[in-house]
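We're numbering straight along the sequence, starting at 1.
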Amino acid sequence: MAEKKPEKLPPLEELEGHELLLPPHALRPSKRIRLMAAVEPVINGQVGENDMITIMADIMEAMEDSGVVKDMDAWISFFDKAGLEDIVNLVLAYVGEAGGAKS
């Protein structure tokens, strides 16, 4: 996973769990840029296998702490049920859309 850039992700609205998050373009531009900065090493393929979980935790914490998550209990339940790949894809798609990526 860390050796190459992620494959193109489906549009955010097609991913399970997207409804738990504020629409990315509802965020202030500064918050959108901060999320992009956190995921930049992943996008640029500079993440070692041992770094990915730490980076994802940082991004998810930023999303949770900045009010991106609409319902924390539902978010926790989604995390408990979803696979790690589903969580990573959702978070990366969210940040991609927040950064202006078009589906």
Side-chain angles (χ1 to χ4, degrees):
M1 175 173 9
E3 297 300 318
K4 61 180 183 171
K5 290 183 182 182
E7 297 295 323
K8 184 173 177 159
L9 296 168
L12 177 63
E13 63 274 359
E14 292 180 12
L15 294 173
E16 186 177 351
H18 77 278
E19 68 283 353
L20 302 173
L21 308 172
L22 289 177
H25 294 281
L27 301 177
R28 291 189 325 239
S30 60
K31 286 187 179 189
R32 292 165 55 189
I33 292 292
R34 287 194 190 284
L35 289 174
M36 290 171 48
V39 80
E40 185 177 16
V42 176
I43 293 168
N44 292 333
Q46 299 170 337
V47 175
E49 200 168 299
N50 296 329
D51 300 328
M52 186 65 171
I53 295 295
T54 301
I55 289 172
M56 290 307 299
D58 289 345
I59 297 166
M60 290 174 66
E61 184 176 46
M63 291 171 68
E64 293 163 355
D65 290 349
S66 65
V68 168
V69 176
K70 294 193 272 187
D71 179 339
M72 192 59 69
D73 290 335
W75 177 246
I76 291 167
S77 179
F78 173 72
F79 180 84
D80 289 343
K81 293 175 186 171
L84 183 58
E85 184 175 347
D86 294 333
I87 297 292
V88 169
N89 288 342
L90 177 62
V91 170
L92 292 179
Y94 186 89
V95 174
E97 191 167 314
K102 303 296 179 205
S103 305

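Taking both residues in full, the closest heavy atoms of Ala93 and Leu9 are given as N-CD1, 3.4 Å, listed atom of the first, atom of the second, then distance.
For the pair Asn89/Tyr94, no side-chain contact is recorded, criterion being any heavy-atom separation below 4.5 Å from C-beta on.
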Steps toward side-chain contact (heavy atoms from CB on, under 4.5 Å) verdict (Met60, Val69): CA-CA 9 Å; Met60 290 174 66; Val69 176; over 6 Å; no

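Note that the CG atom of Asp51 and the CG atom of Asp58 stand 10.5 Å from one another [nearest 0.5 Å]. The CG atom of Leu92 sits 10.0 Å away from atom CD1 of Ile55, with the distance rounded to the nearest 0.5 Å. Note that the CG atom of Leu84 and the CE atom of Met56 stand 7.5 Å from one another [nearest 0.5 Å]. Rounding to the nearest 0.5 Å gives a distance of 12.5 Å between CG of Leu90 and CD of Glu85. If you take NZ on Lys81 and CD1 on Ile76, they are separated by 12.5 Å, rounding to the nearest 0.5 Å.
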Acceptor/donor pairs from residues 15-23 side chains to any protein atom, 3.5 angstrom cut, sequence neighbours excluded:
from  : atom 1 : to    : atom 2 : distance (Å)
His18 : ND1    : Glu13 : O      : 3.4
His18 : ND1    : Leu15 : O      : 2.9
Glu19 : OE1    : Gly17 : N      : 3.4

Can you give the donor-acceptor pairs under 3.5 Å from side chains of residues 30-39 to other protein atoms, not counting sequence neighbours?
from  : atom 1 : to    : atom 2 : distance (Å)
Lys31 : NZ     : Ser66 : O      : 3.1
Arg32 : NE     : Ala98 : O      : 2.6
Arg32 : NH2    : His25 : ND1    : 2.9
Arg32 : NH2    : Ala98 : O      : 3.1

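Scored by the side chain to side chain contact (heavy atoms under 4.5 Å, CB included) test, Asp71 finds Asp73, Ala74 as partners (sequence neighbours excluded). Take Glu64 and apply the side-chain hydrogen bond (donor to acceptor under 3.5 Å, both in side chains) test, not counting sequence neighbours, and it matches Trp75. For Glu14, the side chain to side chain contact (heavy atoms under 4.5 Å, CB included) test picks out Pro10, Pro11, with sequence neighbours left out.
Summarising the local packing, CZ of Phe78 is surrounded by more than 12 heavy atoms from other residues, nucleotides or ligands at distances under 6.0 Å.
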